[in-house]
Structures are given as structure tokens and as C-alpha cells.
Amino acid sequence: MAPERHDSAPDPSPPHNTAIATAEPPRKQRPRKIGRRHLVTRAATGLATLGALASGAAAVVAATRPVAAQGATAGPQHNTTGGHLGNHQGLIPPPQGALTNAIVAHDHGVQMTVGDVDTAAMGYDPTTYLTTFDYGTASTLPDGRTLRDYRIIAADKEIEIAPGIFFPAWTYNGQVPGPTIRCNEGDRLRINFTNNGSHPHTIHFHGIHSSFMDGVTGIGRGNINPGESFTYEFDARPFGCHLYHCHSTPLKRHIHKGLYGAFIINPDPAKHGNAAKERHPDHAESRRWQEFVMIMNAFDTTFDGANEVYAVNTVAFHYMKHPIRVERDRPVRVYLINMTEFDPINSFHLHANFFDYYDHGTTLEPTLRTVDTIMQCQAQRGILEFSFAGFEPGLYMFHAHQSEFPELGWMSAFEVV
Ligand code: CU
Ligand code: CU
């Protein structure tokens, strides 16, 4: 079961684990200009969270920011701590025993946030997200093809990315990542987009389509201004593991704020043969697979152009506190996408196992075989396939292998049963 302990029981882990928050030097050594702060804390658990993340934002801010300047730069804060970070309790590392010990048996499993985010209040649960696919509203065109209508609304929304740490996101349909748009190769897609946000946005799909439908500033329909709507329309091709994101300028801001999602096109068995049936939900061959969507992302909570919190599917350490349940004798397929801004590369490493990898998901033969680590630049993506058949049941970690990232949230586990 997913151990979920965040009480004050004595810490049974080796002593070196509880000292991480104090022993870790600040991640960013150079002084930074801290602009408007949006890293706010709302709960006692959040204070400890900041301590646990001391190698990230909090320690750096404490080390580099003149306290006197904070009130003047705080801007329109959400509440609570704005302007008082310099002497904030959150900068003090948590006492021994305060760290969550969801997975204590492993040598780097203990460093983690305390408590849990309020997924109900946020209206987004990373566990549900893994297996939720939006096939739109399907109808049949006169030529017999399938037409799928999707509705995407951009809106500003504050999301909780770690217990007590809120981020002022720009969202598609109120969540980060946006909904996973899925369809079959050759379908006609209509994406009805409305911008209810405070800035111009677009939806730029990775796929094959006309210039007019490319969803970038200054080309074709271009920016969709606040209050406007536009319908993107194109055919679904090529099959694979793709993505969509806002392509308004400045691009790094529109991506980093949360405007991205997965776009999966199932291969057509009529064109590509039986192997395509394994990836196509209309065919029985696909049903043994356990499929999950994972978007590697990160958040710059201090708006200084570098990330403090890393995750898969937004919430730091979520799948450590709620390991992803996998049936041992059924194969696993992960649609993996990197949408991390600021850091040029992210990576995925699976413990105690190896996988086959299909770069971009656009082939039915692996492009890499028997690897346990892959890296992706931003927008790069692929499909991972592996199996725990014959393995001992238990918890199997997966995480970025830039060691800094797992320590700041990109640490996860499968629970093999
Ligand atoms: Cu945008
Ligand atoms: Cu892109």
C-alpha cells in the first residue's frame, strides 16, 4: 500500500536523511534579483515544506535578498507571507521526524515534502490524470471519417504544486498539464479554443497541419486575445506521442506558466499492421497494457528564471506519497513528455528494470532497446514500454537522474502488486 505518513512519529530512517535540509548547500550560488514573489504559504505544513526544499528557493532567497527591499517589490500578493520572507519561519529546516517517510527502505527515499496537496480543492489529481484521456465528442463526417470536437478554455488559476506552495498558473481547462487529447490516426479534429485568461494565448499542436492552424503569434490566426475564441482544425497525424502548448510570446513564460498538455494519436492498424493494435484501444490486443501519461515539468516559484520545484504531472513527490499501482504481469506503457522550462534537459530513470523506448512514439519498433535512462529536451517525448513480470512485488522508483531534480520533487514510484 501507499504509505502516507506525515505525523510526528520518530524518524526510523538513517540519521543522514534527516539532516538533508541543513546539509545541502544552496543550489543557486549567484545572487539573483527577486521580482514579484508568488511563492506563498498557507498552512503549517507548507512551512515545513519550504524547509524541506531548502536547497531550492527558500535558502537562496534568504541568502541573497535584502529584507528591506521586499515590501516594495512584493506586488499584488495572494495573502500571508508576502514581503516577509527574510524572517519567515519557513526558512528554518523542519525538526527531526518532521520529514515524510513514505518510502524509508530506500537510500534516497526520505527527502520529501510534508503533508499533501489538496487535490479536491485544486480540481486536479495527478493520479487521476495519469489515465484520463479526452477523446472529445465524436461524430461521423459525410466521407465516413470520425470528427472529434474538443473544448479547451484558457484561464488563470492558482494551483498547489507542493503542500502549501501555490503557483499562479495559466491553465488549459483549469489544470496543469491540460487535458490529454487523444484520437485515432486520420481523425478530423476540431479544437474549440476560448481564451478566458488575462493574456493573449494560442494552442500550438505538434503534428502535421496548415500554417494557418499552427497556433503561433504572428502567423495564421495568431494570438487569441482575452475573450476571443478560435477553432483549430486539422487531421490527426502522424501517430505518436505528441504535445500541445501555447506559443504566444514570450514563449518561455507562456510555457512555464502551465499552458501545455499531451496529444496522443493512436496508430491505425489498417495502415501499420497488427503491431498498431497494441496501442489502439479499439483492439483487444491493447487491453493488457497499463498506460500512463507523464509530463515532466517544473515551476519557478520566485520568477527569477530558474525552477525551485520539479515534478511529473505538476505536484512534487506526488507519486512517492501515492505510488502508481501496477499489476505485475501486465506490461506498462508510459507516454513521457518533457515540458520543463529553463533547464535544457530532463530525464527519466527506472529502478531495477529496463525499458524499450520509441522516440516521439512515431514508430512501432523501438528506437532504443533495453535502457534504464533516457533524456529529453523540452518538447521531446516518447513511449516507454516495460514489464515487471516475474519481479518481486514492491515499490520501484523512477525519477530524473539529474540528482538535483528528484531532491526538489521529481521522484516517483511504482507499486508493483
Ligand atoms: Cu499563452
Ligand atoms: Cu512546441
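Every value quoted in this text rests on a predicted model; they were computed, and no experiment measured them. In each ligand, atom 1 is the first atom listed, and ligand 1 is the first ligand listed.
- The atom of His206 nearest to the Cu ion (ligand 2) is NE2, with the search restricted to N, O or S atoms.
- Using a cut-off of 2.8 Å, one finds that His204 contributes no N/O/S atom close to the Cu ion (ligand 2).
- Scored by the side chain to side chain contact (heavy atoms under 4.5 Å, CB included) test, Ser286 finds no partners at all (sequence neighbours excluded).
- Aromatic rings from Phe193 and Phe230 are positioned such that their centres are separated by 6.0 Å or more.
- In summary, of the residues considered (Asn346, Leu336, Ile345), a side-chain contact (heavy atoms from CB on, under 4.5 Å) with Gln376 occurs for Leu336 alone.
- Phe342 and His256 have tilted rings, their planes meeting at an angle from 30° to 60° on a 0 to 90° scale.
- Counting only protein N, O or S atoms, the number found under 2.8 Å from the Cu ion (ligand 1) is 3.
- A search for side chain to side chain contact (heavy atoms under 4.5 Å, CB included) contacts involving Pro250 returns Arg253, His254, not counting sequence neighbours.
- Under the 6.0 Å cut-off for aromatic ring centres, Phe354 and Phe386 do not qualify, their centroids lying 6.0 Å or more apart.
- Sorted by first and then second residue, the ring-ring contact (aromatic ring centres under 6.0 Å, His included) pairs with a member in residues 111-130 read Tyr124-Tyr129; sequence neighbours excluded.
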